[in-house]
Every structure is written in structure tokens, then in C-alpha cells.
Amino acid sequence: MDLALLRTFVTVHRAGSFTRAAALLGLSQPAVTSQIRTLERQLGRPLFLRQARGVTPTTIGDELAHKAAPHLDALVEITETGPDDESSLRTLHLAGPPEFTAERALPALTELTGEDGQGYALRASFGNAEETLEGLAAGHHDLAISTARPRGALLTASTLCDEEHVLVAAPSWAGQIGSGEGLETRAVKRAPAFENVPVIEVHESLPFVSRYWASVFDSRPAAPGTVVVPDLRAVLACAVAGAGLAVLPRYLCAAALERGDVVALHEPTVPPLRTYFLVVRTGTLAMPHIARAHEWLLRAAADWC
């Protein structure tokens, strides 16, 4: 079987589209279509179902991708570094949410970039769960950190850690919300205590505040977003400045809480959690540099929970 045909097939399988695969391979779309048809004739089975938007692999297509992809990735690894060049600097491509990747994953992985003969060149990309998993499947990344567990056999996920969410605001807001009766007690009873407090969020849909309200108060937040910024670190800065309340990961606001820059408006018995997953393309843990980074992050995450 022609390895070029297999490479095209795996690229289409990961990209989910002849058009995207053609761009990744530097080929025309007709050339990609022709190669897939040739492979299908050789196998005597259809590998993809054509749809209005992209393609969906058949059962045979999924099985072939599961068997072939790890070996093709290994061949690419050999061609990039050389079979005997164990000391060459390998590039590790990591993708994940900007705040968690910057604050947690990258500081841990930079310990692997030293000049010890097994060091890495490290490249990072930021994006949401859908973007990072699509990029991983398409071969743009080696590892992805995601808040969504991928489906199917093409990607393999390991639980990395749980992230605790905290409802915070500047101390001045805590004083305005209530005095006398304990703030935590009032907050446990009902959410209306916070209805007149401005909300700081990363999106107009209020994903963090809405999740917190649903989990803790079994309701929806009444106030719309007053300040919307697409980075949790900016959300924290606005909360410290007194712009309103925010729901933040505890790891991100722990130092501000300790300094008193913000205070926790509510400490529920069971805090809302969000799980992070460390995801690879199935079979790529056979590559030493990916396996080493994967194991390193899992070990580091034991101290993050």
C-alpha cells in the first residue's frame, strides 16, 4: 500500500474535510479526492461518507486510521530528527486555554527545555476546547489541554486535574452586599444578595457566573455582564479594581485572596469544579518526546488539585 495514499487518508480523517486536508498537505483538492478514491479502490471499501460540510469516516475508515496513524506519525518523527539523533532538539507543540496553559502547563514544561541532551523546543497555541481538539486531530499540536473530553478513537484523553471556582469581588463590594449577618450565611440561603452587583466575565453569555449560579443557587444570574474581557487574568484585574463580582479559578485568584485584594463572597460546602483533560492523538505516546511531556504534566498536576 502506498504510504503517500495513507498519509493523505490520515490527514483527511483528522481534518474532516478534503479541502482542509488539501491545505495541510499542500495539494489541490482534486488531487486529494483522487488519492482517496485510489485507496478506496485498492481496499474495496468506502473510507468516508461525503456530506454537505466535510466528510465522516466509515467504520472501516476509523479502523484504518486507528491502525495507520501512529505509525505514520512515527515515520514523520524519524524524518524530522533522524533515526540515530537522540540528542537533537525536538519541538513540542502544546495547545490549551490561555490562562491555564500560561499559569500551569507552560511553567511546568519549561523545565524540559534545558540543555541536558533531551531538551525540547516548546511552542504553545491558545484556544477554546473545540479549537484545540480540532488542531490536535489535524496534526497541528502534539498535546492539547481541554475542558471537554473528546469522543471517538482518534484522540485519547487523561484526566489532568479539577479546577475549583470561587465567587470573588473587591472588599468594598463585600461591605455593600451585607453587614451584620454573615455574608457566607446569606449567600448560602439565596442569590438575590448579588443581583445588584455588576458582573465581570469573559463572554456575554456569562459562562463562569452562569455555571456557578446553576451549581450553587440552582438559578440563573439576574445581572448582565458589565465588563466583558476575553481573558480570566483581565477579569481578575477588573475585580481587584472594584468593577464588580467575578467567578474565577482558585489557582488564578489565590494570591489576590491572600493579599486581600479580593474576598470570597461565598464558600459553598461543595464548590463548583471544572475538569481539565490532557489529550493526545491515539498512538502518539509511542513517541518519546510526547510521552515524556505527557507524563511530566500529569505528575505536575498532582500538586495543582
Restricting to non-hydrogen atoms, name the atom on Val10 and the atom on Ala69 that form the minimum distance, rounded to 0.1 Å. CG1-CB, 4.0 Å
Please name the pair of heavy atoms, one in Leu6 and one in Ala68, separated by the smallest distance, quoted to 0.1 Å. CD2-CB, 4.3 Å
Please answer whether the main-chain N or O of Ala129 pairs with a side-chain N or O of Thr132 as donor and acceptor at a distance below 3.5 Å. yes
What pair of heavy atoms forms the shortest contact from Ala108 to Ala300, and how long is it? CB-CB, 4.0 Å
Taking the side chain as C-beta and beyond, is there a heavy-atom pair between Val12 and Val32 under 4.5 Å? yes
Donor-acceptor contact present, side-chain Trp296 to main-chain Leu109, <3.5 Å: no
Taken to the nearest 0.5 Å, the spacing of Leu122 CG from Thr113 OG1 works out to 7.0 Å
Transitively linked via ILVMFWY side-chain contacts under 4.5 Å: Leu106 with Tyr276? yes
With a 6.0 Å cut-off (strictly less than), is the heavy-atom count around CZ of Arg299, excluding the residue itself, greater than 12? no
Would you mind reporting whether Gln51 and Val55 have side-chain heavy atoms less than 4.5 Å apart? no
Check: Thr156/Thr282 side-chain N/O donor and acceptor closer than 3.5 Å: yes
With under 30° as parallel and over 60° as perpendicular, where do the rings of His266 and Tyr212 fit, or are they tilted in between? perpendicular
Angle between ring planes, Phe217 versus Trp213, binned at 30° and 60°: parallel, tilted or perpendicular? perpendicular
Do any N or O atoms from the side chain of Gln29 and from the backbone of Phe18 form a donor-acceptor pair under 3.5 angstrom? no
Could you grab the distance from atom CG of Leu5 to atom CZ of Arg37, nearest 0.5 Å is fine? 14.0 Å
Should Phe48 and Thr58 count as side-chain neighbours, where that means a heavy-atom distance under 4.5 Å? no
Using 0.5 Å steps for rounding, measure from the SG atom of Cys161 to the CZ atom of Arg104. 7.0 Å
Main-chain N/O of Val229 paired with Glu201 side-chain donor or acceptor, under 3.5 Å: no
Sort and list the pairs that fulfil salt bridge (Lys or Arg N to Asp or Glu O under 4.0 Å) and have at least one residue in residues 234-253, not counting sequence neighbours. Glu164-Arg250, Arg250-Glu267
What residues form a salt bridge (charged side-chain N to carboxylate O under 4.0 Å, His left out) with Glu163, not counting sequence neighbours? Arg274
Take Arg233 and Leu252, measure what side chain to side chain contact (heavy atoms under 4.5 Å, CB included) needs, and give me the verdict at the end. CA-CA 8 Å; Arg233 291 161 294 191; Leu252 193 62; 3.9 Å; yes
Working to the nearest 0.5 Å, report the span between CG of Leu94 and CZ of Phe126. 8.5 Å
Which heavy atom in Pro171 sits nearest to a heavy atom in Gly260, and how many Å separate them? CG-O, 3.3 Å
Test side chain to side chain contact (heavy atoms under 4.5 Å, CB included) applied to Leu133 and Leu155, step by step: CA-CA 8 Å; Leu133 292 179; Leu155 301 177; 4.3 Å; yes
Taking all non-hydrogen atoms of both residues, which atom of Val279 and which atom of Ala157 are closest, and how far apart? CG2-CB, 4.0 Å
State whether the side chain of Glu103 and the backbone N or O of Tyr251 hold a donor-acceptor pair below 3.5 Å, judged by distance alone. no
Give me the atom names and distance for the closest heavy-atom approach of Leu248 to Leu232. CD2-O, 3.7 Å
Using a 4.5 Å cut-off on heavy atoms from C-beta on, say whether the side chain of Leu245 contacts that of Val168. no
Any heavy-atom pair between the side chains of Phe277 and Ile145 that's under 4.5 Å? no
Out of curiosity, Leu136 CG to Ser125 OG, how far, rounded to the nearest 0.5 Å? 11.5 Å
Answer yes or no: is there a donor N or O on one side and an acceptor on the other, between the side chain of Glu131 and the main chain of Asn128, under 3.5 Å? yes
Begin from the C-alpha positions of His289 and Leu112 and carry the test side chain to side chain contact (heavy atoms under 4.5 Å, CB included) through to its verdict. CA-CA 10 Å; His289 74 297; Leu112 298 180; over 6 Å; no
Should Leu273 and Phe208 be counted in the same cluster of Ile, Leu, Val, Met, Phe, Trp and Tyr side chains packed under 4.5 Å apart? no
Should we count CZ of Arg45 as having more than 12 external heavy atoms under 6.0 Å? no
Evaluate the criterion side-chain hydrogen bond (donor to acceptor under 3.5 Å, both in side chains) for residue pair Thr38 and Arg41; output intermediate values, then yes/no. CA-CA 5 Å; Thr38 299; Arg41 285 196 300 270; 3.3 Å; yes
Would you say Val166 and Pro271 make side-chain contact, with heavy atoms under 4.5 Å? no
With clusters defined by side-chain heavy atoms of hydrophobic residues (ILVMFWY) lying less than 4.5 Å apart, directly or transitively, does Val228 cluster with Val209? no
Heavy-atom side-chain contact between Val235 and Val202 under 4.5 Å: yes
Atom pair OG1/CG of Thr8 and Leu27 - distance to nearest 0.5 Å: 6.0 Å
So that I can tick it off, tell me whether Lys67 and Glu63 are bridged by a salt bridge, with the cut-off set at under 4.0 angstrom between side-chain N and carboxylate O. no
Report yes if the side chains of Ser210 and Ser205 come closer than 4.5 Å at any heavy-atom pair, otherwise no. no
Quick check: does any side chain N or O of Asp142 sit under 3.5 Å from a backbone N or O of His93, one acting as donor and the other as acceptor? yes
After noting the C-alpha distance and the side-chain angles of Phe194 and Trp173, does the key distance pass the ring-ring contact (aromatic ring centres under 6.0 Å, His included) rule? CA-CA 10 Å; Phe194 307 118; Trp173 278 110; over 10 Å; no
With a 3.5 Å cut-off and no angle check, do the side chains of His13 and Asp62 form a donor-acceptor pair? yes
Can you list the steps and then say if Leu43 with Leu64 is a side chain to side chain contact (heavy atoms under 4.5 Å, CB included)? CA-CA 10 Å; Leu43 296 173; Leu64 180 60; 3.8 Å; yes
Are Ile60 and Leu49 connected in a single hydrophobic cluster, I mean Ile/Leu/Val/Met/Phe/Trp/Tyr linked by side-chain heavy atoms less than 4.5 Å apart? no
Taking atom types as modelled and ignoring hydrogens, do the side chains of Thr11 and Arg14 form a donor-acceptor contact shorter than 3.5 angstrom? no
